[in-house]
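Everything below concerns the one structure shown next.
Order of the sequence lines fixes the chain letters, A, B, ..., with proteins taken first and strands second; residue numbering starts at 1 for each chain.
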Number of protein chains: 2
Amino acid sequence: MTSVVPGATRNTRQRAQVLGLLEATDGFRSAQQLHASLRDGGAQVGLTTVYRTLQLLADAGEVDQMRLPDGEQLYRRCGGSRHHHHLVCRECGRAIEVEGPAVERWAQAQAVAHGFVDVDHTIEIVGTCADCAAR
Amino acid sequence: MTSVVPGATRNTRQRAQVLGLLEATDGFRSAQQLHASLRDGGAQVGLTTVYRTLQLLADAGEVDQMRLPDGEQLYRRCGGSRHHHHLVCRECGRAIEVEGPAVERWAQAQAVAHGFVDVDHTIEIVGTCADCAAR
DNA sequence: AGCGCTACTGATAACGATTGTCAACTCCGA
DNA sequence: TCGGAGTTGACAATCGTTATCAGTAGCGCT
C-alpha cells in the first residue's frame with residue numbers, strides 16, 4: 001500500500017493536494033476552508049472531492065475530526081497514531097495534542113460502573129490561545 | 001420571575017408543554033423528536049417554537065446540549081445546576097450525569113500550561129447501555 | 001506506447017437540520 | 001375589557017454535507 005490515501009486504490013493529483021495542504025496546516029480547518037485555500041493556491045479541486053478525501057482520511061484514522069459549537073466539522077492532520085485529545089484555539093483553530101491516561105481510565109471506569117459497553121468518549125479543551133488573546 | 005422559561009416574559013401553553021415533556025424525559029432528545037412527541041401526545045406546538053424554546057432554555061442553562069456524531073443537536077433537562085458531564089447511550093439516548101473534579105482540573109491545567117485563556121471543555125462518554133446491549 | 005477497465009472527479013441537485021420572516025394571535029397589566 | 005407587545009407557526013431561506021451521474025484519468029496489462 002503505497003497510496004497517498006489509505007483505503008484508496010488510486011493516487012490522484014487531487015488527493016495529494018488535499019493531503020499536502022493538511023500537512024502544511026497546523027490547526028483544525030473546515031472542508032470549505034480547505035477547499036477555498038486550495039482554490040486560492042491555484043489548485044483545481046472540486047468541493048465534493050475535498051469532502052470525499054477528508055472522509056477517507058478520517059475513516060483511515062489519518063486525520064482527526066472535531067465539531068464547532070455550530071456543528072461545522074473540522075479536520076486536522078495528526079502525526080502520531082497514539083490516542084490523544086486536543087487543546088484548540090477557538091479563534092485561529094491552532095491545536096495542541098494532549099494526552100491524559102488518567103482521564104481515559106476515568107471515562108472507562110464511569111462507563112463500566114453503569115454497565116455501558118462499547119465505550120467511546122469525546123474530550124476537547126477549547127480556549128483562546130496566547131497569540132489571539134494578545135491581539 | 002415566576003416564568004416557566006427563564007429569560008422569557010410571558011408564560012405560554014407551548015413553553016409549558018415543551019418544558020413538561022423535557023421533565024418527563026430521561027435522556028437526550030433532538031428538537032425534531034421532541035416536536036414529534038408533542039404532536040403525538042396531542043399537543044399543538046410548532047416546530048419553530050420548539051427550537052426557540054429549547055434555545056431559550058439552553059441559554060438560561062436549564063437544559064444541557066450535546067451533539068451526535070452526525071451533527072444533530074440533542075437536549076436534556078438536567079436537575080442540578082452543578083457542573084457535570086454525561087454518560088450517554090448511543091442507542092436510546094439515556095443519560096447518566098457524572099462528575100469528575102480531577103478531570104476538570106486536568107483540562108484547566110493543560111490549557112494554562114499552554115497559555116490558553118477563557119477555557120472551556122467538552123467531555124462526553126458515549127456507549128451502549130446494558131438494556132440496549134441485551135436487546 | 002497503447003488499450004481498456006473502472007476508480008475517481010466535479011458540477012449540480014438533493015437533503016436535513018436549523019434559522020429567518022411576518023402576519024396573526026394571545027398573554028397580561030392597566 | 002382593552003390594547004400593545006411578546007409569541008406563535010406555516011413557510012421560505014440558509015448552510016453544511018451528501019447523492020447523482022456523465023465524463024475523466026490512474027494503472028495494470030499487453
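There is no side-chain donor-acceptor pair under 3.5 Å between A/H85 and A/E124. When only modelled atom types and interatomic distance are considered, B/E104 and B/H121 share a side-chain donor-acceptor pair under 3.5 Å.
In this structure, A/Q73 reaches the sugar-phosphate backbone alone: every heavy-atom distance under 4.0 Å involves primed, P, OP1 or OP2 atoms, never a base. Heavy atoms of A/Q33 sit nowhere under 4.0 angstrom from any nucleic acid atom.
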Can you pull every protein N or O that's under 3.5 Å from an N or O on nucleotides 19-24 of chain C?
unit_1, atom_1, unit_2, atom_2, d
C/dG20, O6, B/T48, OG1, 3.4

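We find that B/D26 and B/R76 are joined by a salt bridge, their nearest charged nitrogen and carboxylate oxygen being less than 4.0 Å apart. At a threshold of 4.0 Å, the pair A/R29-A/E72 does not count as salt-bridged, since none of the basic side-chain nitrogens sits closer than that to a carboxylate oxygen.
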Derivation and outcome, ring pair (Phe, Tyr, Trp, His ring centres under 6.0 Å), residues B/F28 and B/H86: CA-CA 10 Å; B/F28 279 89; B/H86 298 100; 4.9 Å; yes
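At whole-Å resolution of the value, CZ in A/R10 and P in C/dT9 are 10 Å apart. In this structure, the CG atom of A/L56 is 7 Å from the P atom of C/dC8, given to the nearest Å. Atom pair A/L38:CG and C/dT9:P shows a separation of 13 Å (rounding to whole Å applied). Going from atom CD of A/Q14 over to atom P of C/dA7 covers 17 Å, rounded to whole Å.
Applying the 4.0 Å criterion to OP1 and OP2 of C/dG10, one finds that A/T49 has a side-chain N or O inside that range. Taking only side-chain nitrogens and oxygens, B/N11 never comes nearer than 4.0 Å to OP1 or OP2 of C/dC27. Under 4.0 angstrom from either OP1 or OP2 of C/dT9 there lies no side-chain N or O belonging to A/R13.
With the nearest nucleotide of DNA chain C identified for both A/R15 and B/R67, A/R15 has the one nearer the 5' end.
Closest of all the heavy-atom pairs between A/S37 and A/L21 is CB-CD2, 3.8 Å.
In summary, contact between chain A and DNA chain D, defined as any nucleotide atom under 4.0 Å from a heavy atom of the protein, begins and ends at D/dG16 to D/dC27 in the 5' to 3' direction.
Residues B/V126 and A/F116 do not share a hydrophobic cluster, defined by chaining ILVMFWY side chains whose heavy atoms lie under 4.5 Å apart.
With sequence neighbours left out, A/R77 forms a side chain to side chain donor-acceptor pair (under 3.5 Å) with A/E23, A/E62.
With respect to A/Q17, the side chain to side chain donor-acceptor pair (under 3.5 Å) criterion is satisfied by exactly one of A/R13, A/R15, A/Q14: A/R13.
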